[in-house]
Amino acid sequence: MMKWKPLVLVIGMSTALAAGAGPWLPSAPTAGDGDPAAFTWDLPAWLAPPPVPPDNPMTGAAVALGRELFFDPRLSSTGTMSCATCHDPARAFTDGRSVAVGITGDRHRRNTPSIVNAAYRPILNWASPQVHLLEFQLLRPLFGTDPVEMGQAGREATLLAM
C-alpha cells in the first residue's frame, strides 16, 4: 500500500517554509534535525511559527528534503517541470503570467498564485477551495486533471518508486 502522508507532509510543510522565509530559500537549518523542540525558525520576532502537525514535527532534514523536492522536475510526468517552475522564487513564487500553463501546454483559467506565507492561509488552492490542510494541497497540482498541472494522474506508483 502506498504511504502518501509522509511525502505529502514533507513537501507541504517545506514548501510553506520556502515560501514564508527570507531570504527566498535559506539554507536548511542544522539545529533540531533529530529534536523537533530544537528546530529554529528563521522568522521575524513578531511572526508566530506556522502550525505544524503533531505527527510530523519540523526538522532541518524535512526542510532540506522539501527544498530538494520543490525544485525536482522528476515530480512532473515529463521530467521537465518542478514546483518552482510555476512558483519561481525570483518572481515572488509565481510564474509572472496572466494565466498558468501546465505540463501539457494548456492555458489554465487562473494565474499561478504566490505561495508566500502559504502555511498561514485558511484556503490553499483556487482549484480546490475545500483544501484547508497544507499537507494535502499538493495532491491537486501533482495528480489533478482539470486543470492538468504536473500531469501525474494515474502515475502514482511510478512517482513513489523514484
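- Minimum heavy-atom separation, Asp95 to Val101: OD2-N, 4.4 Å.
- Separating the CG atom in Leu75 from the OG1 atom in Thr85 is a distance of 10.0 Å, to the nearest 0.5 Å.
- Just one of Cys83, Pro141, Ser76, Cys86 meets the side chain to side chain contact (heavy atoms under 4.5 Å, CB included) condition when paired with Glu149; it is Pro141.
- When every heavy atom of Ala90 is checked against every heavy atom of Asp88, the shortest pair comes out as N-OD1, 3.0 Å.
- Taking all atoms of both residues into account, the shortest heavy-atom contact from Ser114 to Ala92 is OG-O, 2.7 Å.
- Using a 4.5 Å heavy-atom cutoff, the side chains of Pro50 and Arg121 are not in contact.
- Residue Met58 is grouped with residue Leu47 when hydrophobic side chains (ILVMFWY) are merged at heavy-atom distances under 4.5 angstrom, including chains of intermediate members.
- Distance alone, capped at 3.5 Å, is enough to place a donor-acceptor pair between the His87 side chain and the Pro113 backbone.
- Summarising the geometry, atom CZ belonging to Phe93 is positioned 10.0 Å from atom CG belonging to Asn117; distances are rounded to the nearest 0.5 Å.
- Within the 3.5 Å criterion, the main-chain N or O of Val148 finds no donor-acceptor partner in the side chain of Thr145.
- Counting all heavy atoms, side chain and backbone alike, Pro49 lies closest to Leu43 at CA-CD1, 3.6 Å.
- Residue Leu139 holds its CG atom at 12.0 Å from CD of Gln152, rounded to the nearest 0.5 Å.
- The closest donor-acceptor contact from the side chain of Arg155 to the backbone of Phe143 lies at 3.5 Å or more, if one exists at all.
- Within the model, atoms OG1 of Thr78 and CE of Met150 stand 8.5 Å from one another, a figure rounded to the nearest 0.5 Å.
- In terms of heavy atoms, Arg91 sits closest to Thr94 at O-OG1, 2.8 Å.
- Of all heavy-atom pairs between Ser82 and Pro73, the closest is CB-N, 3.8 Å.
- Proximity of a side-chain donor or acceptor of Arg140 to a complementary backbone N or O of Asp146 within less than 3.5 Å is detected.
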